[in-house]
Amino acid sequence: MTMTDKTQNLEQSLPKHKANGPMTRRKVLIAGGTGVAIVTAGAAGLAGAATVTTSDSDAAASADATATASSSVCSLTSEVTEGPYSLDGALVRTDITEGKDGVPVEYTFTVVDEDNDCEPLADALVEIWHCDTLGEYSGFVGGNGHTEDDDGTFLRGGQVTDSSGQCSITSIWPGHYVSRAVHVHLRVHTGVTLTDTSYTGGTLVHTGQLFFDQDINTEVQALSPYSDNTTSETLLENDGIYDDGGASSGLLTLNALGSSVSDGYAATLTMGVSTS
């Protein structure tokens, strides 16, 4: 049996997160990096253009352009599979690294409500989890063939969005494991009740995965300690989940935090979720 077969069998046998009720094919807008300001400005610009007096043909063309632009602002794409390695009861915290080495990543997520004219969605819990530099997930260490301490919480956690629909989470660039391109798992919940360190209740409104530019990722994976992971890596173009849809498929917008790859990146994404 090959390593890929073993990993696929392991993924099939691992416990899955269960939402309240059956998973629906909810939709989500994902527009990389520019945030609500662009959405608001775009919408205002479109509204102004619609009031200009034109000929019938020009009016029809303007209406088509407006509809197309509006669709791009609030365009919805299907959710993707949650995948394995999820755990219930994520810690609510801004830094999920727990001392794990790796290239720093400062995530900033903006969540807007597609059912409310893409207004910022406050008090939504954005939860992420991903593997470490050796391709191992907390709670499931050994799945990628390495032995290390496992506290069940490293590189897992979430934050609640503010009045602007934004939240930030500090982590590291993920490593890789057999059969998947480098990625991060993500869930968005509404209506949660916060506890001292975690949350209870709420409604799961989005399940997705986040992806990284392949060229930058190649440089990252060549660095230590990522280079200690000798399992084969799947390129983004060959990943079975990512469908080459750019930001609409969870591709993060990346900006360097310094002059070197090892200095890390700011990673941004705007998500428009359907709360109905």
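This chain uses plain numbering: 1 for the first residue, then up along the sequence.
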Report yes if some heavy atom in the side chain of [X] is under 4.5 Å from a heavy atom in the side chain of [Y]; otherwise report no.
X: Asn217; Y: Leu236; result: no
X: His183; Y: Tyr242; result: no
X: Leu210; Y: His130; result: no
X: Asn229; Y: Thr133; result: no
X: Met271; Y: Val111; result: yes
X: Glu127; Y: His189; result: yes
X: Phe109; Y: Ile128; result: yes

Testing the 3.5 Å rule here: is there a donor-acceptor pair between the side chains of Ser86 and His185?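 Looking only at side-chain atoms, His185 and Ser86 do not form any donor-acceptor pair under 3.5 Å.
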Say whether Thr161 and Gln166, considering side chains only, have a donor N or O and an acceptor N or O under 3.5 Å apart. no
So which atom in [X] and which in [Y] form the shortest heavy-atom distance, rounded to 0.1 Å?
X: Arg187; Y: Leu87; result: NH2-O, 3.3 Å
X: Thr153; Y: Asp151; result: N-OD1, 2.9 Å
X: Val184; Y: Pro174; result: CG2-CG, 3.7 Å
X: Gly157; Y: Arg93; result: CA-NE, 4.5 Å
X: Pro120; Y: Gly165; result: CB-N, 3.8 Å

Give the ring-plane orientation class for Tyr107 versus Phe212, where under 30° counts as parallel, over 60° as perpendicular and anything between as tilted. perpendicular
Ignoring hydrogens and geometry, is there a side-chain-to-backbone donor-acceptor pair from [X] to [Y] under 3.5 Å?
X: Asn238; Y: Leu235; answer: no
X: Asp113; Y: Asp115; answer: yes
X: Asp132; Y: Leu155; answer: no
X: Ser171; Y: Thr97; answer: no

Interatomic spacing from [atom1] in [X] to [atom2] in [Y] - rounded to 0.5 Å:
X: Tyr177; Y: Phe140; atom1: OH; atom2: CZ; answer: 11.0 Å
X: Thr253; Y: Leu251; atom1: OG1; atom2: CG; answer: 7.0 Å
X: Ile172; Y: Asp95; atom1: CD1; atom2: CG; answer: 10.5 Å
X: Leu252; Y: Thr108; atom1: CG; atom2: OG1; answer: 10.5 Å
X: Leu254; Y: Ile216; atom1: CG; atom2: CD1; answer: 5.0 Å
X: His176; Y: Cys131; atom1: NE2; atom2: SG; answer: 8.5 Å

Given the rule in the side-chain contact (heavy atoms from CB on, under 4.5 Å) test, do Thr170 and Thr94 qualify, once you have shown the distances and angles that lead to the verdict? CA-CA 6 Å; Thr170 298; Thr94 57; 5.7 Å; no
Hits for side chain to side chain donor-acceptor pair (under 3.5 Å) against Asp243, two or more places apart or cross-chain, chain-then-number order -> Ser249
Among the clusters formed by ILVMFWY side chains lying less than 4.5 Å apart, do Leu257 and Val220 turn up in the same one?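 Looking at the clustering, Val220 is in a separate group from Leu257.
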Could you see if Leu91 belongs to whatever hydrophobic cluster contains Val160? Use Ile, Leu, Val, Met, Phe, Trp, Tyr and a side-chain cutoff under 4.5 Å. no
Salt bridge flag under 4.0 Å for residues Glu136 and Lys100: no
Stepwise side-chain contact (heavy atoms from CB on, under 4.5 Å) check, Asp150 with Ser138: CA-CA 6 Å; Asp150 186 1; Ser138 60; 3.9 Å; yes
Take Gln159 and Val92, measure what side-chain contact (heavy atoms from CB on, under 4.5 Å) needs, and give me the verdict at the end. CA-CA 6 Å; Gln159 264 295 297; Val92 178; 4.0 Å; yes
is_close_aromatic(Trp173, Tyr265), centroid dist under 6.0 Å: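 Distance test on ring centres: under 6.0 Å, yes.
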Atom CG of Asp228 with >12 non-hydrogen neighbours under 6.0 angstrom: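 Counting other residues, nucleotides and ligands, CG of Asp228 exceeds 12 neighbours.
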